[in-house]
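These notes are about the structure you will find just below.
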Amino acid sequence: MAANSPGGTAPDEATDPWAPWIATIVAGVRRAAAPLGWDLSEAQTEGLLELGGPAEADVALPVHRGAASAGLAPPELAARLAAAFPLGGPVREVTASGAYVNVRLDPAELVQRTLALALARGAEYGHAVPDGSAVCVEHTSANPTGPFHIGRVRNAIVGDTLVRALRAAGSRVTTQYYVDDLGRQATMLTWLWTTPRESWPEPVRQAVEGHEVPGEKPDHRLGRPYPAFSAYLKEHRETAEKVAELVRRIESGAAPPEHGQIAREVLDGMLASLGRLGVSFDEFVWESQFLHDGSVERVLERLHRAPHAVREENGAWAIDAADYGLPKESTRIVVQRADGTSLYVTRDVAYHLAKFARFARAIDVLGQDHRLHAKTLEALLTELGERRRPEFVIYQDVTVPDGGRMSTRGGSAVTLDGLLDEAVVRARREVVARREDLAGPEIDAIAEAVAAGAVRFQVVRVAPEKPVAFRWEDALSFEGRSGPFVQYAYARASSVLRKGEADRPPYPFAAERLTHPDELGVVRAVAALPRTVRAAARTGHVQGLAGYAHELADRFNRFYHAVPVLKAERERASRIALVAAARQALGNALDLLGVPRLETM
RNA sequence: GGGCGCGUAGCCUAGCUUGGAUAGGGCACCGGGUUCCUAACCCGGCGGUCGAGGGUUCAAAUCCCUCCGCGCCCGCCA
């Protein structure tokens, strides 16, 4: 339920304000339960604890599971357990309520530890101690055929947020973008732009002529003929064959010099769009490299000798994958064409072997249309005797209301640039309406940050496996559970600290001054950041980070309305420290989400 | 046809991996709040057979089975 388990690996006292409490309560529960006939391991005890549950308890423990071994009805067991629970230290009160044992803790202790930790660790607050584990996250990897499309933006945002969560949880993450410079898609553009415009098919020429925009980004300019050309090729075999011939030339290593150049230019344009969302990559892996460095050939040699290898009559090589749980019609995985050339999945095997050589974990963020491909890849790895597996994070495609699929092949649907431009226009209106004091450039900067924040938050707040229908009003939401809502709380906290400039870091405070329920609400939310990060990294459920950020902002807003800070007297310094800690947690949560921080808005 | 994913109030969504106390939020709607640190905010109200049915269990949104609806995939494409 609302139960918020301590989450994943055991909390660390150096990073998590809850850690000492968890340890104390686990020990207390075990000590009280054992004489009643309920033996619990430490891990079991920790797994049962519910944090942040109902208001009457800081930590709750359901005892149903112990009823049988204790030979007692749950309420009776709860009552005895509560009576036997060792008091003292942080444990203020232990009561039974039905089948639950509720533990109340000394709030001043949590205030003390939480503020101290948040203020001392700063930008590192919420992060675990680095464990140095090498992780590769491959995401986005959209083919360089035109402007970045919003159907794909989910991959980039989910992937990038996951990367941020993993890094915060202590992993050493390398992000990779796999660029398909082989194959038909990229080749189509090369064919077009190395062919005189007069020789283009008429409908393709029409799609371009009169639509050029001076100074436009290369992805828009070079990608413009792509949808029309794609449609044209379906109807015109001769032209399709010319492109196919170029594909073969490129695969054989005789790519025209323009080929890589065009792909790179388009990719640069796409990356510029992603850059507006704060998404970037450490490495770009070009598919052709596995062909040229001989690794595809080595994979093929091994596959020829694989347990289920079969040679087709026409000379193609396949793996009989009947035992791998694939759909009946695709039990044969072709790994090499009759003409000797390789296939996408073969090259992907080479790619993943390269990943395994460098990384302990390889995570791939894929659209659900790649599910079968993922299974196929796993089957081939098994055939090679490779035990390691990539981990897949699968997201569902974004659809448009009319039911059409928003893929790059689908044509001229909304681009990421178009979405962001519209978001900026609307954000700008909001800023102008409330900030007469600001000059143009400041307004523009805020509008861009609000727009990017709104889009990122909107995408990440929904579980990736859920289908999403694109709607402008959702994507551009600035209220309620949104990016700007969190940005606003951060800006407010920043504003308070600016105006309370007499009080400066390290923000001395007295924990016992912070006793208002809304103050404690903020503290509890701040204290939950470390375990939220752990949970997100462990499960890959990045939507939890969005939920957390909203919750924290919500608590802060409530506190802000209920309790004066700068006008307080005795409590002033402590409340300023609380605001500083909340601002730190809000800022760190925004960083995890890739939503820009705004000092003012 | 087969495989996989999704189905929670008018709309969107958390929770499901690890079953536990009245299923959390947001939008919309209704009613309040600005001599006070930013009203992109806050307070209150309205709204739920957790797709349907069966099963397991002391306990099911959560696990199992069947069915229904929607989506995706089932290429010597990528």
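Lettering follows sequence order; numbering is per chain, from 1.
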Using purine N1 to pyrimidine N3 plus N6-O4 or O6-N4 for Watson-Crick, or N1-O2 and O6-N3 for G-U wobble, each under 3.5 Å, what pairs with C11(B)?
G26(B)
Within the pair R347(A) and A78(B), is there a side-chain N or O less than 4.0 Å away from OP1 or OP2?
yes
Between the base of C76(B) and the side chain of N314(A), is there a donor and acceptor pair under 3.5 angstrom?
yes
Does K466(A) have a side-chain nitrogen or oxygen under 4.0 Å from the phosphate oxygens OP1 or OP2 of G5(B)?
no
Does E313(A) or Q368(A) map to a spot on RNA chain B nearer the 5' end, using the closest nucleotide for each?
Q368(A)
Please determine whether a side-chain nitrogen of the Lys or Arg among D518(A) and R555(A) lies less than 4.0 Å from a carboxylate oxygen of the Asp or Glu.
no
Closer than 4.0 angstrom, basic N to acidic O: yes or no for D58(A) and R524(A)?
yes
Side-chain ion pair, E442(A) and R435(A), N-O less than 4.0 Å
no
Using atom CG of L77(A) as one end and atom P of A59(B) as the other, report the distance to the nearest whole Å.
18 Å
R498(A) atom CZ, neighbour heavy-atom count above 12 within 6.0 Å:
yes
Minimum-distance nucleotide to L372(A) side chain [options: C4(B), C73(B), C12(B)]:
C73(B)
Taking C76(B), G25(B), C37(B) as options, the one with an atom nearest any side-chain atom of R481(A) is G25(B)
Please determine whether a side-chain nitrogen or oxygen atom of R558(A) lies at a distance below 4.0 Å from atom OP1 or OP2 of C43(B).
yes
Which one, C36(B), G33(B), A78(B), comes nearest to the side chain of Q185(A)?
A78(B)
Which residue, V63(A) or M601(A), contacts RNA chain B at a nucleotide closer to its 5' end, judged by nearest heavy atom?
V63(A)
Can you see if the side chain of R337(A) gets near the phosphate of C77(B) - specifically, an N or O under 4.0 Å from OP1 or OP2?
yes
Out of A78(B), U17(B), C6(B), which has the shortest distance to the side chain of D180(A)?
A78(B)
Scanning all shown strands, the Watson-Crick or wobble mate of U62(B) with both distances under 3.5 Å is none
Paired to U34(B) by Watson-Crick or G-U wobble criteria (both distances under 3.5 Å) is none
Nearest-nucleotide pick for D369(A), side chain only, options being G5(B), C73(B), C37(B):
C73(B)
R347(A) and E297(A) ion-paired at < 4.0 Å
no
Classify V565(A) by what it touches in the nucleic acid, base, sugar-phosphate, or nothing, heavy-atom distance under 4.0 Å.
base
If we call it a pair only when both distances are under 3.5 Å in a Watson-Crick or G-U wobble match, what pairs with G47(B)?
none
Protein-nucleotide distance (Q543(A), atom CD; G15(B), atom C1'), rounded to Å
10 Å
Can you figure out which of U17(B), A39(B), C76(B) approaches the side chain of A316(A) most closely?
C76(B)
Between the base of A21(B) and the side chain of N102(A), is there a donor-acceptor distance below 3.5 Å?
yes
R555(A) atom CZ is separated from G24(B) atom C1', nearest whole Å, by 12 Å
Salt bridge check: are R583(A) and E599(A) linked by an N-O gap of less than 4.0 Å?
yes
Of the nucleotides C6(B), U17(B), G25(B), which one has an atom closest to the side chain of R461(A)?
G25(B)
Value in whole Å for how far the P atom of A78(B) lies from CD1 of I250(A):
12 Å
What is the distance, rounded to the nearest whole Å, between atom OH of Y560(A) and atom P of C41(B)?
13 Å
Using a 4.0 Å heavy-atom cut-off, does T600(A) contact any base of the nucleic acid, only the sugar-phosphate backbone, or nothing at all?
base
C11(B) P sits how many Å from W472(A) CH2, rounded?
24 Å
If pairing requires Watson-Crick or G-U wobble contacts with both distances under 3.5 Å, which nucleotide is the partner of C76(B)?
none
Sugar-phosphate only, base, or nothing, as touched by L343(A) at under 4.0 Å among non-hydrogen atoms
sugar-phosphate
I want to verify a distance call: between C76(B), G26(B), C37(B), whose nearest atom is closest to the E312(A) side chain?
C76(B)
So E287(A), base contact, sugar-phosphate only, or nothing? Heavy-atom distance under 4.0 Å.
sugar-phosphate
Under-4.0 Å side-chain N/O to phosphate OP1/OP2 contact, R538(A) with U18(B)
no
Please list residues of residues 450-460 of chain A whose heavy atoms come under 4.0 Å from any atom in RNA chain B, ordered by number; otherwise none.
V450(A)
Give me the ring orientation class for H373(A) and H370(A): parallel if the planes are under 30° apart, tilted from 30 to 60°, perpendicular past 60°.
perpendicular
Using a 4.0 Å heavy-atom cut-off, does A463(A) contact any base of the nucleic acid, only the sugar-phosphate backbone, or nothing at all?
sugar-phosphate
F485(A) CZ to C42(B) C1': how many Å, rounded?
9 Å
Quick one: look up who A21(B) pairs with, Watson-Crick or G-U, both distances under 3.5 Å, and put none if it's unpaired.
none
Using a cut-off of 4.0 Å on non-hydrogen atoms, how would the nucleic acid contact of P564(A) be classed: base, sugar-phosphate, or nothing?
base
From the list A21(B), C41(B), C6(B), which nucleotide is the closest neighbour of the side chain of S97(A)?
A21(B)
Quickly work out the E569(A) CD to C36(B) P distance and round it to whole Å.
18 Å
Could you tell me whether a side-chain N or O of Q44(A) sits under 3.5 Å from a main-chain N or O of S41(A), the two making a donor and an acceptor?
yes
Under 4.0 Å between a side-chain N/O of N143(A) and OP1 or OP2 of A78(B), yes or no?
no
Nucleotide forming a Watson-Crick or wobble pair with C4(B), both distances under 3.5 Å:
G71(B)
Could you give all pairs that pass the side chain to side chain donor-acceptor pair (under 3.5 Å) test and reach residues 474-483 of chain A, with sequence neighbours left out?
R471(A)-D474(A)
Would you call E422(A)-R426(A) a salt bridge at under 4.0 Å N-O?
yes
In terms of relative ring orientation, are Y351(A) and Y178(A) parallel, tilted or perpendicular, with 30° and 60° separating the classes?
parallel
